[in-house]
Amino acid sequence: TESFSVNDDVKVDVETSGGSIKVLGKNTDEVIVEMYVRKKGKYVRSGKADLDNWDITISKRGNEVTAHAERKKQRGWNWGNNSTSISFVVYAPERSMSSIRTSGGSIELGNLSGNQEARTSGGSIKVEEIDGDINVRTSGGSISLESISGLVEAKTSGGRISAEDIKGGVDLDTSGGSISIENIEGDVKARTSGGSISAEITNPKNYVELRTSGGSISIEVPKDKGYDLDLDGNRVRADLNNFTGEYEKDEIKGSLNGGGILIKAKTSGGTVRFNYL
């Protein structure tokens, strides 16, 4: 465990090669870095770990705190080294920005005010209670986003995405799972190659664009706004009010309440449903 006195608007930079990372905001004026070592799935006591094959940096420069754990490059095979993983848990002031990277574990961010960026090659990502823009990516896990005030960009190659209580708009992309969107204010863009999309947009602004190759799409929006509809699926079912345009069983193009916000949804493997909240 290491602790550093900092000011508000601190930047936290955390990176590890084989473990999970958590960055959590607290009512504090310091950053506390906890490092956990696991070997063959079991935690190792402090002072008992063989870390000769690791480069570890836990330091502060200005108002930036760095926690890095990187395996040293070695020739040949080294099974013992590969069985060890290092994880970090970081407690920081609520007004903190973060840059998080891990090649083999999950990431969690919570109760922070500032822009947050996270990358993992092999785990899930959970983000909640954030006042700031979010940019997160994973190659092998699900993404959960909740209670965020800011623009959200999230991408995964192998999992489900859920976004709830977002004020600021979302851009979501997954190659292998469903997308669930609930209580969103702002523009919405969501794409998946292998699942359904469910979207409840309580206050859409300029556009809603939803696309999937392997599932159905469900859209719910407020009734009192004007919309331009472009809906395309195997079947399209809609609750239309004051509509002008073309209505076919597999396609709807036209305007509601005189037009306005673009609602575009396309699926080649399911039904598109459009309803009012």
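For the numbers below, each heavy atom of this structure counts, side chains included, while hydrogens, waters and symmetry mates do not.
Environment of CZ in Arg191: crowded, with over 12 heavy atoms of neighbouring residues, nucleotides or ligands closer than 6.0 Å. Heavy atoms of other residues, nucleotides or ligands lying less than 6.0 angstrom from CG of Asn27 number 12 at most. Annotation for Lys205: atom NZ does not count as buried by contact number, only 12 or fewer foreign heavy atoms lying within 6.0 Å. By the neighbour-count criterion of 12 heavy atoms within 6.0 Å, atom NZ of Lys264 is sparsely surrounded, having that number or fewer from other residues, nucleotides or ligands.
Checking Asp13, Thr16, Thr120 one by one against Arg101, the side chain to side chain donor-acceptor pair (under 3.5 Å) holds for a single residue, Asp13.
At a threshold of 4.0 Å, the pair Lys189-Asp171 does not count as salt-bridged, since none of the basic side-chain nitrogens sits closer than that to a carboxylate oxygen. Ion pairing between a basic and an acidic side chain is recognised when a charged N comes within 4.0 Å of a carboxylate O; Arg71 and Asp55 show no such pairing.
Geometric assessment of Lys26 against the ring of Tyr91 yields a positive cation-pi assignment under the 6.0 Å and 45° thresholds.
The minimum heavy-atom distance between Ile261 and Tyr207, with the atom names listed, is CG2-N, 3.9 Å. Between Leu210 and Ala199, the closest heavy-atom pair is CD1-CB, 4.0 Å.
Judged purely by distance below 3.5 Å, without hydrogens or angles, the side chains of Gln116 and Ser98 pair a donor atom with an acceptor atom. Using modelled atom types and a 3.5 Å distance limit, the side chains of Asn183 and Thr202 yield a donor-acceptor pair.
Following chains of ILVMFWY side-chain contacts shorter than 4.5 Å, one can reach Tyr247 starting from Ile217, so the two form part of one hydrophobic cluster.
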Show, in sequence, the C-alpha distance, side-chain angles and deciding distance for Ile134 and Asn115, and conclude whether the side-chain contact (heavy atoms from CB on, under 4.5 Å) test is met. CA-CA 6 Å; Ile134 305 295; Asn115 296 341; over 6 Å; no

